[in-house]
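Report on the following structure.
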Amino acid sequence: MPSSESRSRLGVTALATVLILVLGACSHASPTGDHKPAPGSDTGLKSALARISDTAANRNGVYYDDTAGLTKLTGDSPAEGFGPLLGFGASSLSSMGKPLRDDTGIDVAGESYAISAGQPPRALTVVAGGQDGRQVTSRLTKLGWKSAAGALTAPSVTATYGIQLAKVRPDGSDVIIGGTGADLDRAGDPDGATLADDALTSALAGCLGDVVTAYFVSGSTVTSSGMTELAAGIARPASASATPRAVVCTAWSSPGTASRYAAAARTDLKSGTSDASNRPYSSLLKNSGVTSVGGRQNVVRWQADTPGNASMIFTMVVQRDLPGLE
């Protein structure tokens with residue numbers, strides 16, 4: 001029987017695989033580690049966004065999880081409750097668990113948080129906190145990684161970990177990872193503007209609030225009705241036994257489209273039916289509420305409890321099965 005750690009990582013892998021395949025085709029605490037929180041940041045998510053350069057490619061497909069916060073909740077039962085969310089921010093690595101740690105020194109379970117952005121082969125990941133840079137360098141070198149231009153480069157994509165760890169740069173207690181076409185200088189402590197500075201991304205991060213997991217995606221991936229970007233997350237629970245609370249924030253091209261969506265979301269949450277499950281949204285999404293946040297990005301937020309399924313909201317995003325959308 002798989003260990004509880006293995007079962008948890010497999011759960012994350014299944015969810016992440018669905019997200020990558022479908023979308024690719026079409027804390028309370030600020031993070032720890034060597035990086036200091038961004039000035040003015042008030043959530044772990046906002047500090048994490050400050051670790052990634054603001055580029056068009058990086059804005060589409062951002063994954064984040066407060067691993068340390070989730071670990072405190074899950075304890076010895078990572079396969080239950082909020083456990084399936086563990087490692088969401090480093091989803092390409094989280095399934096490897098102990099073998100990855102033993103072979104390369106990269107310890108996803110020991111990270112403070114992780115954030116990934118962009119699509120392969122230019123995707124970037126910051127594994128923040130809990131890492132031993134010297135150990136990572138030593139073990140990857142033994143596996144054949146070569147040091148060049150300040151990074152360790154895999155001998156080939158066919159090597160074990162050659163795709164997931166194509167480029168690696170240990171940085172104190174952090175590790176910066178990128179695909180074969182990634183620019184590692186755009187993650188960690190990048191020069192210039194970051195995703196935290198981008199008006200649209202920042203507005204949605206502020207709308208989400210204090211979440212333990214978040215996912216950002218271009219609105220055109222989810223609907224054709226004028227949405228510019230969508231962010232979904234799970235609000236920080238008060239305890240391991242708390243009911244997961246999903247938060248979905250959307251930005252729109254105009255106040256009119258935002259207003260129409262808010263009205264449609266209210267109607268669907270009350271009396272609509274999920275196309276994917278053929279069940280009333282009201283039976284899946286409990287204690288829901290819709291707020292027209294407004295602002296320059298025309299933001300609309302809705303929240304709902306998802307009893308017994310902390311990852312359901314991300315599946316709904318992938319399936320284009322969110323209330324209020326055509």
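This chain uses plain numbering: 1 for the first residue, then up along the sequence.
Interatomic distance, CG of Leu184 versus NZ of Lys167, reported as 6.0 Å (0.5 Å rounding). Distance check, rounded to the nearest 0.5 Å: SG of Cys249 to CG of Leu230 gives 8.5 Å. In this structure, CG on Leu195 lies 6.5 Å from CD1 on Ile115, to the nearest 0.5 angstrom. With rounding to the nearest 0.5 angstrom, the CG atom of Leu73 is 7.5 Å from the OG atom of Ser239. Atom CD of Glu229 and atom CZ of Arg59 lie 8.5 Å apart (nearest 0.5 Å).
In this structure, the ring of Tyr64 has its center no less than 6.0 angstrom from the ring center of Phe216.
Across all their heavy atoms, Leu284 and Ser277 have their closest contact at CD1-OG, 3.6 Å. Closest non-hydrogen pair, Ala123 versus Ala182, comes out as O-CB, 3.6 Å.
Classified by interplanar angle (parallel below 30°, tilted 30° to 60°, perpendicular above 60°), the ring pair Tyr63/Tyr215 is tilted.
If you check the side chains of Thr257 and Ser254, you find a donor sitting under 3.5 Å from an acceptor. For the 3.5 Å distance criterion, the side chains of Thr194 and Asp197 qualify, holding a donor opposite an acceptor.
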- request: Would you sort out whether Gln164 and Ser92 count as a side-chain hydrogen bond (donor to acceptor under 3.5 Å, both in side chains), showing the intermediate values?
  value: CA-CA 7 Å; Gln164 298 88 346; Ser92 64; over 6 Å; no
field: Audit row: Asp103, Tyr161, side-chain hydrogen bond (donor to acceptor under 3.5 Å, both in side chains) steps and yes/no
entry: CA-CA 10 Å; Asp103 294 342; Tyr161 309 117; 2.6 Å; yes
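For the pair Leu143 and Thr160, the minimum side-chain heavy-atom distance is 4.5 Å or more.
Electrostatic pairing of Arg51 and Asp174 counts as a salt bridge here, judged by a charged N lying under 4.0 Å from a carboxylate O.
Of the candidates Asn58, Asp54, Leu204, Asp198 forms a side chain to side chain contact (heavy atoms under 4.5 Å, CB included) with just one, namely Asp54.
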